[in-house]
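Heads up, the thing below is written out as structure tokens.
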Amino acid sequence: SQQGEEDPQALSIQEGENATMNCSYKTSINNLQWYRQNSGRGLVHLILIRSNEREKHSGRLRVTLDTSKKSSSLLITASRAADTASYFCATDVNNDMRFGAGTRLTVKP
Amino acid sequence: SAVISQKPSRDICQRGTSLTIQCQVDSQVTMMFWYRQQPGQSLTLIATANQGSEATYESGFVIDKFPISRPNLTFSTLTVSNMSPEDSSIYLCSVAWDSNSPLHFGNGTRLTVT
């Protein structure tokens, strides 16, 4: 069953703008991960943030985690058309990985 | 990271038949999983493929419908048995080196049952 819920379900922005996606979850977690899925492909791991971490960066990606609110956000800065994809959060609860419904991001050139 | 080869990449099958999907990894991995992703939906874990023993199935999935093999640390198969149109979905193999590692995915098998 799903654990995380992403918000918004779909997001359309212009190239160069920032994109923010949010993930809320219900139970305590070991870590939270973000994945990207291009159309018709498998998922690619982007970033993992542990429950005792509050923020993590990887290139143009910034992930925050607020365990008190049971929420996380993924920020993509200076977006590019190639960032067009679906983005999923996944929560690790005692080695049980559960995926959210995803946010469909469209970056217009 | 691992290279995960999943075959076939897509197939169109008739109801009542079975399809076996293969997942080959280029290195030994501790954990292998099978997920299902219905069109436009999130991923649902079908089962954990255990090397040398029976797979561990999630609620709603049974061995008779989704038999899984894992003869070694680099290979697994998932069979979708007695298919119906409701089984039309993307089936994804994923692996992890340990319980604290992220998942790595194959490109999936897009199954259409007519």
Side-chain angles (χ1 to χ4, degrees), chain A residues 1-10 21-26 29-53 56 58 61 63 65 72 74 85-106, chain B residues 1-11 21-25 29-50 56-61 78 88-112:
Chain A
S1 59
Q2 278 177 226
Q3 150 90 304
E5 293 185 7
E6 281 96 338
D7 168 54
Q9 289 184 329
M21 289 159 269
N22 302 297
C23 171
S24 60
Y25 57 92
K26 299 172 184 173
I29 60 173
N30 296 337
N31 63 66
L32 185 144
Q33 303 175 31
W34 285 90
Y35 290 81
R36 182 186 72 223
Q37 184 181 36
N38 291 89
S39 180
R41 309 282 287 182
L43 279 73
V44 174
H45 177 258
L46 295 176
I47 202 162
L48 181 154
I49 186 165
R50 302 191 191 285
S51 60
N52 61 352
E53 297 175 312
K56 230 174 171 180
S58 177
L61 306 180
V63 168
L65 179 65
S72 174
L74 169 66
S86 292
Y87 292 82
F88 295 89
C89 70
T91 52
D92 182 352
V93 180
N94 297 327
N95 304 323
D96 185 8
M97 190 74 71
R98 302 289 173 174
F99 285 81
T103 293
R104 175 68 191 170
L105 173 66
T106 302
Chain B
S1 62
V3 175
I4 303 167
S5 301
Q6 200 173 323
K7 295 179 182 179
S9 59
R10 59 177 63 231
D11 208 342
I21 303 167
Q22 298 180 0
C23 179
Q24 178 74 56
V25 191
V29 291
T30 305
M31 308 170 84
M32 294 184 78
F33 307 94
W34 288 98
Y35 283 87
R36 181 173 72 183
Q37 184 180 27
Q38 292 177 310
Q41 302 295 313
S42 183
L43 281 73
T44 301
L45 180 64
I46 297 172
T48 300
N50 301 310
T56 304
Y57 289 85
E58 296 298 305
S59 176
F61 297 96
L78 167 74
S88 296
S89 193
I90 299 173
Y91 293 85
L92 293 152
C93 168
S94 72
V95 306
W97 276 264
D98 57 55
S99 58
N100 294 315
S101 300
L103 295 174
H104 298 271
F105 285 83
N107 281 331
T109 296
R110 184 179 296 271
L111 171 63
T112 302

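Here is how names work: the chains are called A, B, and so on, in the same order as the sequence lines, proteins then strands, and each is numbered from 1.
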Using side-chain heavy atoms (C-beta onward) and a distance below 4.5 Å, is [X] in contact with [Y]?
X	Y	result
A:C89	A:L32	yes
B:N107	B:Q6	no
A:S72	A:L65	yes

Item checked: Contact leader toward chain A among B:L45, B:L103, B:L92, where contacts are heavy-atom pairs under 4.5 Å ->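 Going by pairs under 4.5 Å, I would pick B:L103.
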Check: What option among B:E58, B:M31, B:Q37 has the most heavy-atom pairs under 4.5 Å with chain A?
Finding: B:Q37
Item checked: Engaged part of A:L48 at the chain B interface, taking heavy atoms whose separation is under 4.5 Å ->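 For A:L48, side-chain heavy atoms alone lie under 4.5 Å from chain B.
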Check: Where does A:R50 contact chain B at under 4.5 Å (heavy atoms): side chain, backbone, both or neither?
Finding: side chain
Check: Taking it one step at a time, do A:W34 and A:L61 satisfy side chain to side chain contact (heavy atoms under 4.5 Å, CB included)?
Finding: CA-CA 10 Å; A:W34 285 90; A:L61 306 180; over 6 Å; no
Next item on the list: Please look at B:I90 and chain A and tell me whether the side chain, the backbone, both or neither of the residue comes under 4.5 angstrom of a heavy atom of that chain.
Entry: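 Contact with chain A is absent: no heavy atom of B:I90 under 4.5 Å.
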Checklist line | Contact origin within B:S101 toward chain A - heavy atom pairs under 4.5 Å | finding: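 It is the backbone, since no side chain atom gets that close.
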Check: Mind checking whether B:Y35 and B:F105 have parallel, tilted or perpendicular rings, split at 30° and 60°?
Finding: tilted
